[in-house]
Amino acid sequence: MCGIVGYIGENDATPILLRALKRLEYRGYDSAGLVVIGDGLSYYKDKGMIDSLMQTLPKISGKVGLGHTRWATHGKPSKENAHPFLDCKGKIALIHNGIIENHMELRKQLIEEGHKFTSETDTEAMVHLIEKHYNGDIEKAVRESLKQVHGSYAIAVIHADEKDKIIAARNESPLVIGIGGGENFIASDVAALLDYTNEVAYVMDNEIVKLTKQGFEITTIKGESVSRTTETVNWTVEDAEKGGYEHYMLKEIFEQPNAIHDSLLGRIPDLTLNGFLDGNFNTIKIIACGTSYHAGLIGKYVFESFSKVPVVVEMGSEYRYSEPVYENTLVVLITQSGETADTLAAAKEAKRRGSMTIAITNVVGSSITREVDYTFYTRAGPEIGVAATKTFTTQLVALYILGITLGLIKRTLEYDRIRELTSTLRKLSRYVQSVLDDTEHIENCALTMKNATDVFYIGRNINYPTALEGALKFKEISYIHAEGYPAGELKHGPLALLTPRTPVVAIAPKDHTYEKMLGNISEVSARGSPVIAIGYQEDTELEKVADHVIYVPEVPALFSPIPITVVVQLLAYYVARDRKCSIDKPRHLAKSVTVE
Ligand code: G6P
């Protein structure tokens with residue numbers, strides 16, 4: 001996720017672009033840059049946040065320009081990988097938010113044709129492709145180029161010799177036009193525009209915009225003209241940064257369909273890992289902390305099912321002090337921030353023990369990437385809320401992809417099975433969207449939990465870790481004591497605590513443990529505890545044993561933690577909101593824990 005902005009008008013573009021970029025910084029903050037048309041193109045970009053860009057920026061001015069704030073997905077944060085990108089002649093400049101799926105083949109072909117690349121990004125291929133198609137008309141060149149591009153993008157492009165326009169385009173990444181008097185804007189979202197205008201027009205998928213001082217024209221990529229009415233937004237800047245959501249956490253929960261989709265783009269299976277790793281390991285260790293540890297517990301079921309290799313999951317803080325009894329171990333470290341001290345220490349220890357190490361992280365170039373042999377990046381974009389949400393579900397996506405890849409390496413997955421798994425993975429973001437399309441019932445169920453002093457979450461098999469994650473989310477933001485249990489363990493102790501004031505959230509998809517779950521739910525009900533069950537649509541049995549049922553779309557059991565997690569995230573969120581807790585910054589907690 002990155003922030004893009006463009007300006008065309010009568011004023012100096014540089015201060016306008018910088019101010020707009022500050023407003024977009026929550027979308028990405030590892031590097032930034034801008035470009036204006038003055039006497040030719042002048043640009044400046046660097047690693048770091050907008051403030052540091054402002055301090056080092058030389059004087060560049062012009063009345064047309066583009067700005068970018070980056071959240072790295074391809075290539076570490078660096079000056080070379082920052083946007084804008086220029087073509088070989090230094091005439092065309094481009095900024096991009098999204099992921100170009102076929103960038104490798106485009107890059108290869110363009111290099112063969114003589115284009116010189118200067119970065120590791122997926123984006124750079126596009127500027128060279130536009131250069132290749134340029135024949136005196138930048139709009140035409142962008143249109144021709146986009147016909148060859150697969151993936152998600154919001155781009156803005158300028159040409160030094162066509163000072164009167166900015167060309168922008170969108171597919172699956174947000175883009176909005178801001179309409180001023182004699183000046184116009186283009187941006188990733190309205191937060192960037194509100195200091196200048198509140199009249200906007202939204203750009204849709206597969207559309208190209210020609211923005212001039214006087215107005216805008218929208219056409220489809222095929223060239224058909226489109227009419228678009230403008231809208232007036234009444235948001236404050238703060239509302240806009242949160243996309244109109246009350247909290248970052250809620251926004252991030254709702255971003256999950258996109259985050260899951262982006263994390264899958266172009267990599268089932270992970271062919272790079274397939275080429276990198278030999279099958280010479282007989283145990284897998286997954287190491288992580290907090291929510292990432294719960295992802296690891298789910299990963300155990302996935303890896304064992306797909307690769308038939310036994311998996312042990314350990315907390316980062318414990319691994320270092322354990323006995324090194326396993327040989328030929330593949331170690332997978334999961335950390336959304338890439339900076340958790342316990343996980344970093346575990347990575348070093350795993351290397352010392354001679355293991356091959358793989359990291360799953362959301363932050364390109366973070367510390368863990370320097371400690372391990374191979375990094376798999378989730379593409380959730382920046383997560384501002386301390387409670388991990390979209391980074392967790394995209395970690396699960398990473399584990400499914402790695403699991404399939406390990407199955408290929410170990411030759412334990414048949415071709416038909418891989419096809420089936422791939423098809424389910426591709427549908428996941430739609431399933432999550434359908435949970436998010438109807439949250440009213442989840443909100444009502446949450447209200448039955450808000451006055452509790454203790455809440456239990458129970459699940460079996462792969463949803464035992466989902467229960468742990470539900471309880472963790474709940475306690476960290478609502479400050480109500482919550483515990484997750486394997487449902488079969490309740491009778492070995494916790495049952496003693498159940499009363500009519502102790503709600504129990506029972507995760508009960510129709511899998512091979514379903515009948516047992518129904519029995520456990522009945523045990524809970526018999527103690528008078530209210531039960532909120534989470535199950536599959538069309539399941540009429542659950543209503544008979546539970547007080548409330550929340551339905552999710554039916555998915556193969558191994559994938560059920562993804563839609564179910566969205567439900568438990570929302571239960572925690574609504575209770576915390578009702579109790580007026582500090583949701584995005586819960587007391588005593590930090591997003592990144594850099595001490596052991
Ligand atoms: C902190 C955060 C949690 C996170 C844990 C591990 O406790 O508050 O949300 O799950 O660290 O973080 P990591 O960045 O390693 O995934």
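Indexing begins at 1, ligand by ligand and atom by atom, following the structure's order.
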*Asks:* For Ile562, run the side-chain contact (heavy atoms from CB on, under 4.5 Å) check against Tyr400, Tyr431, Phe392 and tell me which one passes.
*Replies:*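 Per the side-chain contact (heavy atoms from CB on, under 4.5 Å) rule, the option paired with Ile562 is Tyr400, out of Tyr400, Tyr431, Phe392.
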*Asks:* Name the residue from Gln569, Gln256, Glu255 that meets the side chain to side chain donor-acceptor pair (under 3.5 Å) definition with Lys390.
*Replies:*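 The side chain to side chain donor-acceptor pair (under 3.5 Å) with Lys390 is passed solely by Glu255 among Gln569, Gln256, Glu255.
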*Asks:* Measure from NZ or CZ of Arg353 to the centre of the six-membered ring of Tyr319 and say whether it is under 6.0 Å with the direction within 45° of the ring axis.
*Replies:*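 So Arg353 does make the cation-pi contact.
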*Asks:* Mind checking what residues have non-hydrogen atoms under 4.0 angstrom from ligand 1?
*Replies:* Cys289, Gly290, Thr291, Ser292, Thr335, Gln336, Ser337, Thr340, Val386, Ala388, Ala590, Lys591, Val593
*Asks:* Should we count NZ of Lys76 as having more than 12 external heavy atoms under 6.0 Å?
*Replies:* no
*Asks:* Tell me every residue that passes side-chain hydrogen bond (donor to acceptor under 3.5 Å, both in side chains) with Thr378, counting only those two or more places apart in sequence or in another chain.
*Replies:* Asn362
*Asks:* Do Thr121 and Asn81 have side-chain N/O donor and acceptor atoms under 3.5 Å apart?
*Replies:* no
